[in-house]
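Along the sequence shown, residues carry numbers from 1.
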Amino acid sequence: MKRIWNALRYGDAETRKCIGSVILFSAAAIGIIAIAGLLGHFYLFVLGMLAGIAAIIVSQTFTLVDDDFVAEINRDGEKDTVKTVTVQKNRVIYGSGNAKKQEKKEQKKRDGFDTDDGKIHAAQFEHYNAVVLKKIKKKYRLKRDHRPIIIDYSKSYRIKECPAFIWRIHNKVYLLLLEKEPRRLSISRDLIRNMGYMPGIKSDPAKEYEAFKKENLVTGVFKEYLPDYYDSKVKNDTLKCKNLYTIYPDICISNRSAADVMDLLYLNFMPQDKITKSEKINGFFKRIYAANILYRDRVYSITEYKEAVEKALGEMCYAEIPEREFVITLENLMKGKFISQEYVDHYKDMRNRIVSNNPH
């Protein structure tokens with residue numbers, strides 16, 4: 001009953017329609033049979049039985065499939081995790097319990113949660129063509145403002161090197177994974193307020209994203225979202241490194257995908273490292289430091305980086321902080337090559353004008 005209740009609360013229109021039909025026929029059957037018993041009408045009893053049979057038949061025309069949805073955070077701040085469902089139309093009506101179990105097992109394999117060797121395999125998508133992709137987008141009701149992204153890895157959802165579409169409807173965030181079979185995930189928007197950061201992931205580009213080395217429709221669309229690689233800072237290390245960004249719970253996306261995800265979901269970004277955790281460094285420096293990371297990873301354009309820097313420095317000019325802290329922050333930003341000397345001089349002058357006009 002809990003599973004059905006979750007399906008009615010969080011499922012899509014098709015799910016509610018199918019479950020509602022079964023409930024309607026079942027309620028009609030019970031009501032008509034009860035009235036037939038009270039009135040002693042045989043024909044009403046037969047009608048009630050037919051309604052009951054109809055409920056059974058309708059229930060066998062679809063299967064409820066787990067849709068991986070995390071419900072909203074409750075008043076106590078706890079994450080109410082549920083397994084909502086979507087309907088999958090059955091091609092045939094399975095008569096035995098073993099047949100149903102086999103179908104469920106096969107569905108798990110199609111969805112990537114159950115593999116013969118237990119490993120998480122990279123997505124395979126060369127069989128998608130324009131016609132198939134159009135049908136998939138229609139089936140899963142992608143919004144017009146959906147964005148293409150690359151999901152590098154997720155242990156929780158068993159995803160690896162997978163192209164995907166992301167979109168938002170009210171308080172749900174949807175991900176459509178283009179794996180061997182398409183798979184849709186949905187997560188509460190309340191659980192995706194911030195974007196995490198995983199820098200310096202050791203990688204061998206020659207062994208990654210092998211499916212993208214073949215020319216097809218999907219690679220043509222998603223190739224520009226592949227992660228950027230750079231040389232390791234460790235001496236004599238032949239491996240490359242990549243920087244990944246994360247959203248709940250452990251979905252790692254490429255740096256080239258982060259801009260679209262941040263824009264679509266209005267996410268905050270503040271890396272967790274020794275600089276951002278230091279109590280000796282003020283928040284204005286940390287904001288510009290974070291913006292600089294986004295700029296270097298090509299998440300921010302030069303214009304967006306400039307806007308973020310100027311906004312933080314402008315607010316710092318009006319902040320009630322000691323003059324020494326203000327000057328040291330500007331100098332440290334210049335030493336870190338986050339701003340130029342011209343910016344230091346400009347905002348020192350701005351601060352002096354503000355202090356002069358507001359002596360108290």
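A salt bridge links R147 to D263: one of the charged nitrogens lies within less than 4.0 Å of a carboxylate oxygen. Salt-bridge formation is detected for the pair E215/K223: a Lys NZ or Arg NE/NH1/NH2 atom is positioned less than 4.0 Å from an Asp or Glu carboxylate oxygen. In this structure, D297 does not pair ionically with R256, as no charged nitrogen and carboxylate oxygen lie closer than 4.0 Å. Salt bridge annotation for D145-R168: absent, with no cationic side-chain nitrogen under 4.0 angstrom from a carboxylate oxygen. Looking at D204 and K240, no side-chain N of the basic residue comes within less than 4.0 Å of a carboxylate O on the acidic one, giving no salt bridge.
For F125 and F212, the ring centers sit closer than 6.0 Å to each other.
Applying the salt bridge (Lys or Arg N to Asp or Glu O under 4.0 Å) criterion to K139, with sequence neighbours excluded, gives no partner residue. Applying the side-chain contact (heavy atoms from CB on, under 4.5 Å) rule to Y230 yields the partners C241, N243; only residues at least two apart in sequence or on another chain are considered. Remark: E279 engages no residue in a side-chain contact (heavy atoms from CB on, under 4.5 Å) (not counting sequence neighbours). Every residue two or more places apart in sequence or in another chain was checked for a side chain to side chain donor-acceptor pair (under 3.5 Å) with S278, and none qualifies. The side chain to side chain donor-acceptor pair (under 3.5 Å) check on E315 picks up R287, K311, with sequence neighbours excluded.
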Under 3.5 Å, which donor-acceptor pairs do the side chains of residues 45-57 form with other protein atoms, sequence neighbours left out?
none

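Looking only at side-chain heavy atoms (C-beta outward), N282 and F326 stay at 4.5 Å or farther from each other.
Ring geometry for Y289 against F338 counts as perpendicular: the plane angle is over 60°, on a 0 to 90° scale with 30° as the lower cut. Between F165 and H146, the two ring planes are perpendicular [angle over 60°; tilted spans 30° to 60°].
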